[in-house]
Amino acid sequence: MLPIERKKQIEKLICEQEHLKISQLSKMFGVSEMTIHRDLAPLIAEGKIIKTFGGITCAQSINDQQKNACVYCYRDYQKQLAYRIILKDHTSEIACCAHCGLLRYRQIREQIDQLLARDFLRQTTINAKKAFYVLNTSLQINCCQPQVLTFEWMDHAKRFIKGFNGDIYTFQEALEIVVNQMAHDK
Ligand SMILES: [Zn+2]
Ligand SMILES: [Zn+2]
């Protein structure tokens, strides 16, 4: 099989099965894992597939499906709260919410290139390190405790807490608070 054809088939397979291991693909096509890695590199660069722990997954399915597990707590996450972690090796991870995003950041800080959060009101992707973090709000988002919501603008965060209470923190402050609270709960 021509490499270009194999590449196409791999892409199709991953998006049909959602998740595959490199070793599975290597067996299926009767080529080495190195070759599979080489086939995958352009697909990853194009953003068609995403490398995950122990395998690869279809980028499309991450956007379309509700059923995906958080990298930290393994809870299913919803796109509206997802916290995306881009690593220096160009792979990415998704946490169910800012709470898990912060805890994951603490675990693998050195490997992280970018952190992307969702603006809670506008539903846009924002730079998580510059975001404003709202804790102790009365609004229940049904994800992890303590709840952490992110906003791009201080003004929106302020208006939000007028209606739903809460306190506003920077990235660093929120990180410390969540890490400390989790340590005490254990
Ligand atoms: Zn989580
Ligand atoms: Zn969560």
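Bear in mind that the values here come from a model prediction, so they are computed numbers and not experimental data. In listed order, ligands and their atoms are each counted from 1. Every heavy atom of this structure was used, including side-chain atoms; hydrogens, water molecules and symmetry mates were not.
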Distance-only polar pair, side chains of Gln107 and Arg104, donor-acceptor under 3.5 Å: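 The criterion, which ignores hydrogens and geometry beyond distance, is satisfied for Arg104 and Gln107.
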
Cys96 backbone or side-chain N/O/S under 2.8 Å from the Zn ion (ligand 1):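 Yes, since at least one N, O or S atom of Cys96 sits under 2.8 Å from the Zn ion (ligand 1).
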
Cys144 near the Zn ion (ligand 1) via N/O/S, less than 2.8 Å: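 So Cys144 does not count as coordinating the Zn ion (ligand 1).
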
Nearest atoms (heavy-atom pairs only) where Ala157 meets Phe132: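 Taking Ala157 first and Phe132 second, the nearest heavy atoms are CB-CB, 4.2 Å.
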
The Zn ion (ligand 2) to nearest N/O/S of [X] less than 2.8 Å:
| X | answer |
| --- | --- |
| Cys100 | no |
| Cys143 | yes |
| Cys97 | yes |

SG (Cys73) to the Zn ion (ligand 1) to SG (Cys70) angle, given to the nearest 10 degrees: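 Centred on the Zn ion (ligand 1), the SG/SG angle is 110° (to 10°).
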
Pairwise distance OG1(Thr170) to CD(Glu176) - rounded to 0.5 angstrom: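 Going from OG1 on Thr170 over to CD on Glu176, the span is 8.5 Å.
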
Min side-chain heavy-atom separation Gln147-Asn142 under 4.5 Å: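 Heavy-atom side-chain distance check fails, nothing below 4.5 Å.
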
Six-ring centre of Trp153, Arg159 cation under 6.0 angstrom, axis tolerance 45°: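 Checked: cation-pi criterion not met.
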
